[in-house]
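The block underneath contains the structure these notes are about, expressed in structure tokens.
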There are 2 protein chains.
Amino acid sequence: MLVNGSTHRTVWSAAEGETVQIIDQSKLPWNFEIENLRCVSEVATAISEMHVRGAGCIGATAGYGMWLAAKKARGSDERLLESAHELIATRPTASNLTWAVERQLTKLRASPVDRWVAVAKQEAETIANEDAAWCQRIGEHGCKLIHEIASQKAPGEPVHILTHCNAGWLAFTDWGSATAPIYAAHRAGIPVHVWVDETRPRNQGARLTAWELMNEKVPHTVIVDNAGGHLMQHGMVDLVITGTDRTTYTGDVANKIGTYLKALAAHDNGIPFYVALPSSTFDWKMRDGVREIPIEERGGSEVSLMDGLAEDGSIQKVDLVNPGSPTANHAFDVTPARLVTGLITERGICAASEDGISRLYPPHERATQ
Amino acid sequence: MLVNGSTHRTVWSAAEGETVQIIDQSKLPWNFEIENLRCVSEVATAISEMHVRGAGCIGATAGYGMWLAAKKARGSDERLLESAHELIATRPTASNLTWAVERQLTKLRASPVDRWVAVAKQEAETIANEDAAWCQRIGEHGCKLIHEIASQKAPGEPVHILTHCNAGWLAFTDWGSATAPIYAAHRAGIPVHVWVDETRPRNQGARLTAWELMNEKVPHTVIVDNAGGHLMQHGMVDLVITGTDRTTYTGDVANKIGTYLKALAAHDNGIPFYVALPSSTFDWKMRDGVREIPIEERGGSEVSLMDGLAEDGSIQKVDLVNPGSPTANHAFDVTPARLVTGLITERGICAASEDGISRLYPPHERATQ
């Protein structure tokens, strides 16, 4: 998507072919910096310290990480597995991470050892390209929902869409999941306006989603995470679209902490609540999201310490919390399927239920996802 | 309540009797400063710029403001009314503000003009003392709820209470509303632990409630506003208690933006959701909170700009939001009575319904509240 008018992806192999390059998202929105990752450990650090984040982007970066792992392994299955584990251990909730690493392992084990590096690189490109293509299709399917709402409004009146966190193109390789329908609608000339939850503690909404939308010239307003319920009560939200980090085959959705609260409010106000995801985000083994999906607990300092732009133009870290008070930091929550109006996938829109998901993704096809 | 081991209130008349003194809450938690207010305009500014905030504290401060207004009026009803309007205009949602100002007007109009200053001062002290006494009684009634939950737990296991914003003693003259039962329980030796919502955009939870609880040595943990739903899904919250800025006679509750989302989550997880209030917070004229209660929209810069403690020990203001993105700032939301388990008042606990409220506050007694 566009950054200052030029097209970018979030992760790619460097032109000279020896390193992985990423947009260092921890520097956004204030600085647009490209970071070189030269080995598996640097990839693991980039994922765990959230220089890259978001379901698809983590998956694609881990895919490229396995290319660097294949180089390091020099034919040793043990070394390859060690790197795979190092990558998988970086973020416990994101299912794309395991999915991408296991996809690479399966591919490599079916390949001659002397082809590993080339095969892994090819597979990493394929994973990244598929991610972009799937997100683009999510955009096409989701755009129909927005079009439908727009057609019931006075001409020119915008469709108000609320989103939480960043399930934008920065969270994938391109297009995004939750934002793909918005970008598709905007490019098709449908007037849209996005309520952007700032998404504490890391403010991915205020920092990343707002930055993306501004670069794509999509009208938007940043709000605190507390505001959505009030806006919904007063008819100021037509549609909620969020992303997901892991989705059970029954339609439960693990996404950034606070998503569940927005789903409750949407449900209470009869507002459609959709979750957009490429099928790589499905966990085909999990039935009960609230009970089974592991929820990452991150350091409490993410709650208390906040980066921001100081008056002198520097980036300052400040402590927001009463000195001496402890903090807790659960990174995700699970929205039960009963609160989800539908899932927007690369194959189309389905109900958030075992049945609905099975129609788009019959069990016998799941192994190939 | 305690500040560094000494007892304080939030607002009082200076010992020498010529000015109103307040704790400047905009400086907390980093600096504990007493501010002198010498005229009505300084009182109005202190309220509108939130040096004082919270239902009871605004009411008590406005009460003292009317004492300064009586001085300024020098017997002129017109000048008195002008000051009354200046005070009322500072915060549109807080019903205690109008209540305190009107109570003073009624009292003064029934008094000889040459007694205005003395009468207004006496009435201001009465309002402040009543507020403290009522909050203390709220604590006694609410403590029973906590005791009941504690008695169903293993000995020594804390009762986990979630609160939003600051309905602590800083929001009143003493004790607080939502915190009064917590302080009462803590002093009675019942083990409690408080989940403190940071409460964006102004972080009254992370700054004020956490500061209060630390000074009273009550165990607590600061969380982002997004976290409560997840904690409730996983049995980590036993009880929610919030305050309210205005309560309809049918039990709808206007409180800090985001309260509604916590009420939805409590309801979804079968967790009791109580609202604590002195009866001065009732609006006896309003039936439908969502439709009728005016919701203050404050400046968007409160969302983007945040004060915090920098590494060098100074207080720095930083911008958290993507430069160029607009922000919106609705300060309150309304929680419908159907989501409120009960109201904890100075007269006892009642259902959040016209019927329940009428039992404690029969219509013929309301004029005297």
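Residue numbers begin at 1 in each chain, while the letters A, B, ... track the order of the sequences.
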Between [X] and [Y], what is the shortest heavy-atom contact and its length?
| X | Y | result |
| --- | --- | --- |
| N269(A) | Y260(B) | ND2-OH, 2.9 Å |
| S325(A) | V222(B) | CB-CG2, 4.0 Å |
| P201(A) | V224(B) | CB-CG1, 3.7 Å |

In terms of heavy-atom proximity below 4.5 Å to chain B, should M236(A) be classed as side chain, backbone, both, or neither?
->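 Contact with chain B involves the side chain of M236(A) alone.
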Part of L305(A) lying under 4.5 Å from any heavy atom of chain B =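 Contact with chain B is absent: no heavy atom of L305(A) under 4.5 Å.
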Looking at [options], which one has more heavy-atom pairs under 4.5 Å with chain A than the rest?
| options | answer |
| --- | --- |
| T327(B), L28(B), I257(B), T221(B) | I257(B) |
| P336(B), A206(B), P326(B) | P326(B) |
| L213(B), V321(B), V318(B), D307(B) | V318(B) |
| H267(B), K256(B), H164(B), E198(B) | E198(B) |
| G205(B), A210(B), P219(B) | A210(B) |
| V196(B), L309(B), I223(B) | L309(B) |

Check whether any side-chain heavy atom of [X] lies under 4.5 Å from a side-chain heavy atom of [Y], and answer yes or no.
| X | Y | answer |
| --- | --- | --- |
| V290(B) | H234(A) | yes |
| K262(B) | L261(A) | yes |
| H330(A) | L231(B) | yes |
| R338(B) | D268(A) | yes |
| M214(A) | P323(B) | no |

Kindly check if the number of other-residue, nucleotide or ligand heavy atoms within 6.0 Å of NE2 (H186(B)) is above 12?
->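 More than 12 heavy atoms, drawn from other residues, nucleotides or ligands, come within 6.0 Å of this atom.
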Atom CD of E311(B): over 12 foreign heavy atoms under 6.0 Å =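 No, the 6.0 Å shell around CD holds no more than 12 heavy atoms from other groups.
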Would you compute the distance between atom [atom1] of [X] and atom [atom2] of [Y] and round it to the nearest 0.5 angstrom?
| X | Y | atom1 | atom2 | result |
| --- | --- | --- | --- | --- |
| L264(A) | L339(B) | CG | CG | 10.0 Å |
| D197(A) | D225(B) | CG | CG | 11.0 Å |
| H230(A) | T259(B) | NE2 | OG1 | 12.5 Å |

Short question: side chain of Q316(A), backbone of Q316(B) - any donor-acceptor pair under 3.5 Å?
->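 No, the answer is negative, given that no donor and acceptor are paired below the 3.5 Å cut-off.
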Please answer whether the main-chain N or O of R200(B) pairs with a side-chain N or O of N226(A) as donor and acceptor at a distance below 3.5 Å.
->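 Yes.
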When D319(A), I315(A), T199(A) are compared by non-hydrogen pairs under 4.5 Å with chain B, the top option |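 Answer, by heavy-atom pair count under 4.5 Å with chain B: D319(A).
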